[in-house]
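What follows is a set of notes on a single structure, which appears directly below.
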Amino acid sequence: MTKPEKRLRCEIMKTNELREAYLKFFESKNCVRRPSDVLVPQDDPTVLFTPAGMNQFKNQFLGIGQLDFTRATTCQKCLRTGDIGNVGVTAYHHTFFEMLGNFSFGDYFKREAIHWAWEFLTDSNWLGLKPERLTVTVYLDDEEAAGIWHNEIGLPLDRITREDERENFWPAEAPSKGPDGVCGPCSEIYYHPPGGGKEVEIWNLVFTQFNRVGDPPDNLRPLPKKNIDTGMGLERTAAVLQGVESNYEIDILRPLCENVGEILETSYQFDGKTGRAIRRITDHARACTFAIHEGVSPGSKEESYIIRLLLRRAFLEGYLLGQKQPFVYQVVPAIVDMMSQPYPELKQTLANVQDTIRAEEENFLGTIERGLGKFEKLVEVAKSSNRKSLPGKEVFDLHQTDGFILDLTFSLAADQGLSIDMEGFRAAETKHKTDSGKGISWGVMAAGPLDELQKSQGETKFLAYEGVTSEAVVVGLIQNGETVESVNHVDLPVDVILNQSPFYAESGGQVGDVGVIRSSRGEIEILDTQKHAGLIVHRGRLTSGEVHLNDSVTAEVDAVKRAGIRRAHSATHLLHHALHQVLGEHATQRGSKVEDDHLRFDFSHGAAVSPDELLKIEDIVNERISEGVPVSTNFMDLKDAKKLGAMALFGEKYPDRVRVVEMGDFSRELCGGTHLDNTGQVGLCRIESEENVAAGVRRIVASTGKKAIERIRNQEGLLKEVATQLKTPQFQELPRKVTQLQEELKTLKQQLDQFTKASVAGSVDDMLKNAEQVGDARVICETLQGVDRETLREYADQLRKQSGSVAILLGADIDGKVALLAAVSKDLVKKGVKAGDCIREAAKVVGGGGGGRPDLAEAGGKDTTKIVDALERGKAVYSEMIAKGAS
RNA sequence: GGGGACGUAGCUCAAUUGGGAGAGCACCUGCUUUGCAAGCAGGGGGUUGUCGGUUCGAGCCCGAUCGUCUCCA
């Protein structure tokens, strides 16, 4: 048993020392020290970010999955945004924080959990906190916990408080409100600082001992194996040990606040005017650094959106303090420096994290600028109508369509001496929330039929590396979310679980296999394969006969598609290698999708990949293919693989034993996918496109093997078709031919235009001569042949130019429909002669409608035989209007 | 997953009720001038993202689709 050297009382424990001491202490209690889980859990659809230390052990708490150990201790990176409004305001709120935890899976229980917590907190070899500064809470009727605290620890009764299910149950209010599943009472430990400051909760011990089934009463059933889940806030406890009032004053956060202060050219004071803003920036920047390190870029979906929000809020705090340029990215080096002792890997992505943050800041500045125009219009309207506040509906509109965060609008409006109609804003917000759909509610920890199967049958034996077919036994059938004994309805979807399977379940970007499962009496077509807690789930539909539980079957993967997937997957590794060669080491994988001879690869890179670079990348990939180097796979310890320099993804969780895929001496990656034996089998790899997917992330789409060839053929086919149509059999002549045709077309259009004008000019004189004199004005009503609407306008223009006071109405038959156009010279318009009024009357005659401006109007109709009548009617209207205007 | 907005010249944007597709900047030519955003005159540049519908007529209205931005979960 190892203990840290006894510290002198006056020495203050550093945060890094606290983290280490905690893990060491629980190692001394035979807990296995596990690394922090990733911040963005891959296999947990119920959360966007890891919210607590126990998250990575959910399955163990449910009794699913094999265990190498029954006691564990961790320091877990966590991210929560529920209380984001309090960040920087209160002493203890963060979005990103670390949680120290110790866990028991059916091993030790309340007695040990309580005793050890007390020992760690008060023993002078560990934290050495004064016992009289600590109080605890327990759940109302948890006599067991209260007894241990009072009788065994010796805590006086007046320092043990009983709290209800809202405070001291996990999940909160679970007994009465649910959800169903694993739950239990908890006991919290509070520290009371000297000097009478507010007490702070530093440790929560959760005793998960029940399974909730339905509503009360009698809905809490004891679990056969009881668990312990405890969480101690690292930053809070460090603040206690360091005797400071706020988490933001501890040794790993205070320097960051000061750094932010320097960047904003103001000095950071805890109680200063800018203190709150700086703490927020510090917190959000820290959260974003970790998340982006793991590959989450700011975006508009899910966790990406949360990161965008955090980043924008951080930036906005600075913006409102007068910092109008990107600055949050400048905080990153100090953050990485502060956090690199426990998380040295942060250094490797520093540059990329900075680039990504900077890009997002610039992006947001653009958004602000765009919205500013709209905002100014709102201000103008409000001021001109003598209002003191901006309408809430409009402000919300600015928020939801232009990303103008309320704080920003608020501050800008205040500069103009305006407030915001908050009632209207809230109303619009509520409406938007209902419009965009109700939230999905999911159980925190409830086991489904798959989990039951996993418990009773264990994991599916995985045979995908060995081949594409195997004998197997049906151990589970699930239809409509329930286990069934057999399936016999052809075409209905069904999930099949086998004792062993050659099907590869979707993972690591590689799609699930498709194929068929056959028994002597039925057949199921498998359309997709997924993984669930060690089970391989074959998702398909019954195509014939029936299939029963315990049937012997042959599982057969579609070998042609599998071969295409192997080509695409090996090509993905070649592409990764080529990207490093051409763009640099920073161009690391951020995600991928590997399908049948088709692949999508996302990677870090700040700018668009130039066409030249793309060619180089494609060349390198195909060189490696033509070299035909062997591909080998080996299992080894994660530590050894990392020593060998195998490429791993940040934000990806790896088991202790990993599979390493090597190609020649140039590529070595941690990968569980199915690969070729030799790179030459890829055949051919063609890059199809390169695009931007998120800030700092580019995507390359490529095809391999048969699809690469298909694609080339298709494009060639298109070229041939175009060449035939253009009568230019030589492909290289095509661009010239197209240019030539375009110019010809342009010249012809211009010529036609000139001819039209000339011919119009020629007939205008005649039309003027035929004009009818009405008072001082002339009225011209004529039918034209073989003209279009454009030409009608040309006539009207020329007639108006060459005549003084004139009212014109022209009619023509265009494509079997009537087209009418009326025009009136300006002086007549002033006298009340309106083209629009005339044409509406005329249009009625030909069974149509129309309108326009007083000086020019257009109309149409259907009855071409009545054009002359329409013109007559128009002439009458004109005459009437002119007469009225003259009087 | 869902809601909202936008898409017009190389760029930034305008176009009243559905009625002639425009401005500024940039570009080209000519003249003037040769010192810090030069001036003047002239000119080129458009399938209004794409497809369909309504209408005599659609940049504008309706539907679909693609793309961009944005909000909610």
Side-chain angles (χ1 to χ4, degrees), chain A residues 45-49 81-82 298-306 308-309 312-313 360 363-374 377 393-406 408-409 425-426 428-442 689 691-695 742-743 745-747 749-750 753 788-798 800 810-823 834-840 842-864 866-867 870:
Chain A
T46 65
V47 293
L48 296 177
F49 293 97
T81 55
S300 59
K301 295 273 178 266
E302 298 166 340
E303 57 270 6
S304 296
Y305 179 62
I306 304 285
R308 164 167 286 171
L309 252 190
R312 292 191 167 189
R313 290 175 76 116
E360 178 61 20
N363 193 355
F364 186 45
L365 266 173
T367 300
I368 291 176
E369 233 167 77
R370 274 192 299 275
L372 230 38
K374 278 197 190 178
K377 273 180 200 162
K393 166 84 180 66
E394 307 286 324
V395 172
F396 183 74
D397 200 49
L398 196 60
H399 168 64
Q400 71 139 343
T401 62
D402 297 289
F404 246 49
I405 297 174
L406 182 63
L408 177 62
T409 316
F425 184 89
R426 295 291 170 216
E429 188 179 45
T430 311
K431 184 176 182 307
H432 179 239
K433 277 187 184 172
T434 30
D435 281 354
S436 56
K438 290 141 266 163
I440 316 137
S441 66
W442 37 47
S689 63
E691 64 193 320
N692 178 264
V693 279
Q742 278 172 334
E743 288 194 349
L745 186 63
K746 201 167 80 184
T747 316
K749 271 187 181 166
Q750 282 168 347
D753 204 38
D788 57 11
R789 286 179 175 272
E790 199 61 40
T791 314
L792 287 179
R793 285 187 204 116
E794 185 60 33
Y795 272 105
D797 279 351
Q798 294 205 23
R800 276 193 293 190
L810 303 174
D813 176 341
I814 299 174
D815 297 333
K817 284 178 185 170
V818 183
L820 299 172
L821 184 132
K834 287 176 185 152
D837 292 350
C838 166
I839 207 148
R840 259 187 290 277
K844 279 182 198 163
V845 180
V846 287
R853 307 190 310 261
D855 65 316
L856 187 114
E858 287 180 77
K862 285 164 188 161
D863 193 349
T864 52
K866 296 215 169 117
I867 294 180

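Here is the naming used below: chain letters follow the sequence lines, and residue numbers restart at 1 for every chain.
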Rounded to the nearest 0.5 angstrom, the CG-CG distance for A/Leu792 and A/Leu820 is 9.0 Å
Using every non-hydrogen atom in the two residues, find where A/Val818 and A/Ile867 come nearest and quote the distance to one decimal.
CG1-CG1, 3.9 Å
Rounded to whole Å, the CZ-P distance (A/Phe396 to B/G3) equals 14 Å
Can you check the distance between B/A64 and B/U48, where both ends of the measurement are the P atom (answer in whole Å)?
22 Å
Residue mapping more 5' on RNA chain B - nearest nucleotide basis, A/Arg308 or A/Arg793
A/Arg793
Among pairs that include at least one residue of residues 851-861 of chain A, which meet salt bridge (charged side-chain N to carboxylate O under 4.0 Å, His left out), considering only residues two or more places apart or in two chains?
A/Arg789-A/Glu858, A/Arg793-A/Glu858, A/Arg800-A/Asp855, A/Arg853-A/Asp855
Candidates B/A21, B/G4, B/C69 - which lies nearest the side chain of A/Glu790
B/A21
What's A/Arg840 touching, base or sugar-phosphate or nothing? Going by heavy atoms closer than 4.0 Å.
nothing
Distance between the C1' atoms of B/G59 and B/U50, in whole angstroms?
14 Å
Spell out yes or no: do the side chain of A/His432 and the base of B/C71 have one donor N/O and one acceptor N/O closer than 3.5 Å?
yes
Rounding to the closest angstrom, what is the interatomic distance between B/G53 and B/U12 at atom C1'?
33 Å
Under 3.5 Å, which protein N or O atoms sit close to an N or O of nucleotides 52-57 of chain B? Give each pair with its distance.
| residue | atom | partner | partner atom | Å |
| --- | --- | --- | --- | --- |
| B/C56 | O2' | A/Arg789 | NH2 | 3.4 |
| B/C56 | O2 | A/Gly860 | N | 2.8 |
| B/C56 | N3 | A/Gly849 | O | 2.7 |
| B/C56 | N4 | A/Gly849 | O | 2.9 |
| B/C56 | N4 | A/Gly850 | N | 3.4 |
| B/G57 | OP1 | A/Lys817 | NZ | 3.2 |

Rounded distance in Å between the P positions of B/G39 and B/G46:
26 Å
Quote, to the nearest angstrom, the P distance that separates B/U29 from B/G63.
49 Å
For nucleotides B/A9 and B/C66, find the distance between their P atoms and express it as a whole number of Å.
22 Å
If you compare all heavy atoms of A/Gly860 against all heavy atoms of A/Ala843, which two are closest, and at what distance to 0.1 Å?
O-CB, 4.2 Å
What integer number of Å spans the C1' atoms of B/U55 and B/A23?
30 Å
Interatomic distance, A/Lys834 NZ vs B/U17 P [rounded to whole Å]
17 Å
Output the pairing pattern of RNA chain B as a dot-bracket string, 5' first, Watson-Crick or G-U wobble with both distances under 3.5 Å, | for cross-strand pairs, [ ] for crossing pairs.
(((((((..((((.....[..)))).(((((.......))))).....(((((..]....)))))))))))).
How close or far is atom P of B/C71 from atom CD1 of A/Ile306, stated in whole angstroms?
11 Å
Atom pair distance, as rounded to whole Å: CG in A/Leu398 and P in B/C69:
18 Å
In whole Å, what is the span from the CZ atom of A/Arg312 to the P atom of B/C69?
10 Å
Euclidean distance, atom CZ of residue A/Phe364 to atom C1' of B/C69 [Å, nearest integer]:
13 Å
Is the phosphate of B/C6 approached by A/Thr401 (side-chain N or O, under 4.0 Å from OP1 or OP2)?
no
Whole angstroms only, please: what is the NZ-P distance between A/Lys431 and B/G2?
17 Å
Which residues pass the salt bridge (Lys or Arg N to Asp or Glu O under 4.0 Å) test with A/Lys817, sequence neighbours left out?
none
In whole angstrom, give me the gap between the P atoms of B/C61 and B/U16.
11 Å
Excluding sequence neighbours, so at least two apart, what forms side chain to side chain contact (heavy atoms under 4.5 Å, CB included) with A/Ile405?
A/Arg312, A/Arg313, A/Leu316, A/Phe364, A/Asp407
For a quick test of reading the model, state the closest non-hydrogen atom pair linking A/Leu856 to A/Ala835 and the distance between them.
N-CB, 4.0 Å
When the distance from NE2 of A/His399 to P of B/G4 is rounded to whole Å, what number comes out?
15 Å
For A/Ala819 and A/Ile814, the nearest pair of non-hydrogen atoms, with its separation, is CB-CD1, 3.6 Å
Taking only residues two or more places apart in sequence or in another chain, which ones pass ring pair (Phe, Tyr, Trp, His ring centres under 6.0 Å) with A/Phe396?
A/His399, A/Phe425, A/His432
Contact summary for A/Val395 and A/Thr409, nearest pair of heavy atoms
CG1-CG2, 3.8 Å
Between A/Arg853 and B/U17, is there a side-chain N or O to OP1/OP2 distance below 4.0 Å?
no
Heavy-atom nearest pair, A/Val846 first then A/Ala870, reads CG1-CB, 3.9 Å
